[in-house]
Amino acid sequence: MLSLNKIEITQGSFNLGAHFDVATGQKVAVIGPSGAGKSTLVGAICGFIDLRAGQLILAGRDITNVQPDGRDMAMLFQDNNLFPHLTIAQNVGLGIRPAMRLTSDEAAQVHKALQRVGLTNFGSRKPSELSGGQQSRAALARALVQSKSWMILDEPFAALGPALRAEMLDLVAEVAAETKAGVMMVTHAPEDAQRISDSVIFVADGVAHGPQATAGLLDNPPPALKAYLG
Amino acid sequence: MARNAKPISRIAGIAAATFVVVAVLLAFVGIGLRVNTVSGLGPAEWQAIQFTIAQSTLSALLSCVLAVPVARALARRKFWGRTFLITLLGAPFILPVIVAMLGLLAIFGRSGVLNDMLEMIGIAKVSIYGLQGVVLAHVFFNLPLAIRLLVQGWQGVPAERFRLSAQLGMGPRMVFRLIELPLLMRILPGAFALIFVICLTSFAVALTLGGGPRATTIELAIYQAFRFDFNLGRAALLSLVQLFVAGGAAVLAFWLVPAVTFGGGMDRMQKRWDAQGNGTRALDGVCIAFAASFLILPLLAILTSGLRGLVEVPLIVWTSAWTSLWVALVSVLVLLVVALPMAGWIATSRRASVEAIGLLGLSVSPLMIGTGWFILIHPYASPTDWALVVTISVNAMMALPFALRILVPSIRQTAQTYDRLSGALGISGIAFWRCVLLPRSRPQIGFAAGLTAALSVGDLGVIALFGDPDRSTLPLQMHRLMGSYRTDAAAGAALILLALAFGLFGIMDYWGRRNAIA
């Protein structure tokens, strides 16, 4: 279980508070108006933004002050998920070990992960030679080999078209199922939430509301969410 | 819109560029008239060439090598006074060279702070004169430039990249290999080339700390051929040499030199997760302390000795300060009249070769131009009567490459963005300048004007060739006071000059940024 125990984040005049639990292996969408603090919330959960107050507990361990790489989470950013001067295989390999040389076992693992996301023959290419969708696949391949207990996604597919986005979300769900990871995903689109998530965290007016079942919430939204959904 | 209906007319730009090219060509004609090729290059000339290249190489190398740890420390540490220090890194660019010399002498000179300390612990004094002094002064001016270029590079790294490396648990060494090394490889060659070219035409530094057969730059040799021997043939020959050395290097460097942005935003900083160990923290602390004291101590020395010397300042200093002030203001005017149309032309031209004209100013040296013009004027009029006119024109020309680097990107972007809208509304020509380009580029114009004013007011170059006691600028006056060992008066003059340079820059830059629309 991931617990956000009365956490508060302050950035300049911006405040965000959250107090809720998310069960292990859940798939949660984070939605809310732009500027409400969705990215800030997941940034804090991953350790990129310091908390002003409160604790983060993951599986009974206090991770409030743990460095990002020690949190058992793999994060996909909106862009710049790959180092442009490294090959796709090198980029994926960094997920196994943050060094450039891999053992043959590890190289095989990278190859398998690339195969899994449909990039079998792309290992030696540079990111710039790949399309946006293929770059997302490469980042997912890295999340696959990282094999963390949570995958945190900060709108990594926002620039993709609807069909491609749906395809990537399905791939995320498959990867998560294989690594038994939970998924927390920031998104603008309610249909994304419907496609992949069991529950929804709604962020608005400085508060991140705890997860509620997706179907029920979207069919019968409270006033603030209703205003956002339009 | 029709293809030919560009909102910016090219005629004014071409006219301004022609003016610059003709001014340079005239200098070549003058040099060609008198150049003494019969005697060829003697040992003294070869020694000047060797020294010029050696000191430039050393200065550029040291500046770049020292800049790396300092820039890295600045980029990854948050500390009290960080914003101030980063602002201060811009100061040497507008600090008059001769003023900085006084500050450096106060710290590193024969009776400076450093030697006093060495004497106390019983170590022999070190001399600031000669190669080491020239290199020291060049590093003082160019280390901050290299640091700024590198810090910009660090800030250009997308924040996600550091997050990603934190996410993947990379230590400082991996972060260096994956993120920082590629960055250094991209920026350092350009920084080295830029500093190398700047140091090739160094004059005031060599005049103060060099001299003698072992420490004379080509630029200084031109001056000596003039002032001491009045040997125009030799001066012309040396000018030709300078053209090949500095001009050749500038052309080569053009392809390497990075885009120098001077604007704000340098105080932003990125959160980092690597390098949290005590060892790296201490190392960064040492680097920052070193850079800060290297910059701040000479400036402080100028302030304290200047305040003491202010009462000793003779009247002539005030009259030459007045001369310097109006010379600088006219230089700014000349610069804007030339640079704005040229920037408009370059910004809308598709050919890269047009941009090269703007760099002509980097490839010619002030004393070379001065020599050429002197030879042309000399038979018809007294060159001293033309001293200030020549100074104004040369100052504007020397500032031109920097001004264009500042103006062109902004004008290009504005022209591209509002090209179609202006076309639809029928705004073109002067109206396009008045309604669109000038207001949108106001911060850049203010900045370029301020830079030109500061460079011009502090310049000690051609005026040293042409000037006489009646027509001298403040830097020249200060140099004379230093030469006659009137140290207190020179220190007072330095403070006035410092105030003029920073004041002019500050006012013009403020004018540009005030009410600027983001």
Side-chain angles (χ1 to χ4, degrees), chain A residues 9 11-12 39-40 42-50 63 65-87 90-102 126-127 135 138-139 141-143 145-148 150-156, chain B residues 68 72 75-80 82-83 150 152-190 258 264-265 267-281 284 518:
Chain A
I9 309 160
Q11 287 185 317
S39 292
T40 309
V42 295
I45 291 175
C46 285
F48 296 118
I49 295 163
D50 293 332
I63 57 163
N65 294 311
V66 174
Q67 293 273 305
D69 59 301
R71 296 196 172 203
D72 204 12
M73 295 170 178
M75 184 165 182
L76 265 65
F77 308 102
Q78 213 162 52
D79 35 35
N80 290 310
N81 279 301
L82 303 170
F83 288 101
H85 54 288
L86 300 183
T87 64
Q90 282 174 320
N91 267 297
V92 174
L94 287 172
I96 301 177
R97 206 148 52 85
M100 300 292 286
R101 265 183 291 279
L102 297 180
K126 293 280 174 69
Q135 291 183 14
R142 191 178 54 217
V145 300
Q146 277 182 284
S147 186
K148 303 282 191 182
W150 279 95
M151 276 169 69
I152 314 278
L153 286 71
D154 187 3
E155 295 195 73
Chain B
V68 173
R72 186 170 63 168
R76 69 184 182 189
R77 298 284 173 227
K78 205 182 229 169
F79 55 92
W80 185 84
R82 184 174 180 278
T83 309
L150 285 175
Q152 268 170 33
W154 252 283
Q155 284 173 337
V157 175
E160 292 93 345
R161 209 144 285 160
F162 287 117
R163 290 185 169 197
L164 187 57
S165 54
Q167 165 96 109
L168 298 169
M170 295 181 190
R173 192 176 294 176
M174 268 310 275
V175 170
F176 180 77
R177 263 186 71 184
L178 268 182
I179 301 177
E180 297 175 327
L181 191 63
L183 174 109
L184 294 175
M185 303 284 276
R186 190 163 49 82
I187 295 177
L188 278 182
D267 51 347
R268 277 186 299 118
M269 77 164 292
Q270 295 181 333
K271 194 162 162 37
R272 297 276 294 267
W273 293 268
D274 60 307
Q276 299 294 330
N278 287 333
T280 54
R281 268 176 202 279
D284 286 353

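In the text below, chain A, chain B and the rest are named by the order of the sequence lines, each starting its count at 1.
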Peer 1: Determine the option with the most heavy-atom pairs under 4.5 angstrom with chain B, choosing from Ile96(A), Asp50(A), Leu76(A).
Peer 2: Asp50(A)
Peer 1: May I ask you to test the Gln146(A)-Gln167(B) pair for a side-chain heavy-atom distance under 4.5 Å?
Peer 2: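 Yes - at least one pair of side-chain heavy atoms lies under 4.5 Å apart.
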Peer 1: Could you look at Leu82(A) and say if it's the side chain, the backbone, both or neither that has a heavy atom under 4.5 Å from chain B?
Peer 2: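 Just its backbone gets close to chain B.
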Peer 1: Start with the C-alpha distance between Arg72(B) and Phe176(B), add both sets of side-chain angles, then the distance that settles side chain to side chain contact (heavy atoms under 4.5 Å, CB included), and finish with yes or no.
Peer 2: CA-CA 10 Å; Arg72(B) 186 170 63 168; Phe176(B) 180 77; 3.9 Å; yes
Peer 1: Pick whichever of Pro84(A), Cys46(A), Gly95(A) has the most heavy-atom pairs under 4.5 Å with chain B.
Peer 2: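 The residue among Pro84(A), Cys46(A), Gly95(A) with the greatest pair count is Pro84(A).
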Peer 1: Side chain from CB out, backbone as N, CA, C, O: work out which of these in Arg142(A) comes under 4.5 Å of a heavy atom of chain B, or both, or neither.
Peer 2: side chain
Peer 1: Under 4.5 Å heavy-atom distance to chain B, tell me which part of Gln90(A) shows up: side chain, backbone, both or neither.
Peer 2: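 For Gln90(A), no heavy atom lies under 4.5 Å from chain B.
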Peer 1: Hey, does Met75(A) have a side-chain heavy atom less than 4.5 Å from the side chain of Trp150(A)?
Peer 2: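 The answer is no, as the side chains (C-beta and beyond) never meet within the 4.5 Å cut-off.
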Peer 1: Is it the backbone or the side chain of Asn81(A) that comes under 4.5 Å from a heavy atom of chain B, or both, or neither?
Peer 2: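 Contact with chain B: backbone only.
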Peer 1: Is any side-chain heavy atom of Leu86(A) closer than 4.5 Å to a side-chain heavy atom of Leu94(A)?
Peer 2: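 Heavy-atom side-chain distance check passes, below 4.5 Å.
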Peer 1: Please confirm whether the ring centroid of Phe48(A) lies under 6.0 Å from the ring centroid of Phe77(A).
Peer 2: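 Ring centroids of Phe48(A) and Phe77(A) are less than 6.0 Å from each other.
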Peer 1: Does Pro127(A) reach the side chain of Asn91(A), with side-chain heavy atoms less than 4.5 Å apart?
Peer 2: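 Heavy-atom side-chain distance check passes, below 4.5 Å.
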Peer 1: With a 4.5 angstrom heavy-atom cut-off, which part of Met170(B) approaches chain A: side chain, backbone, both or neither?
Peer 2: both
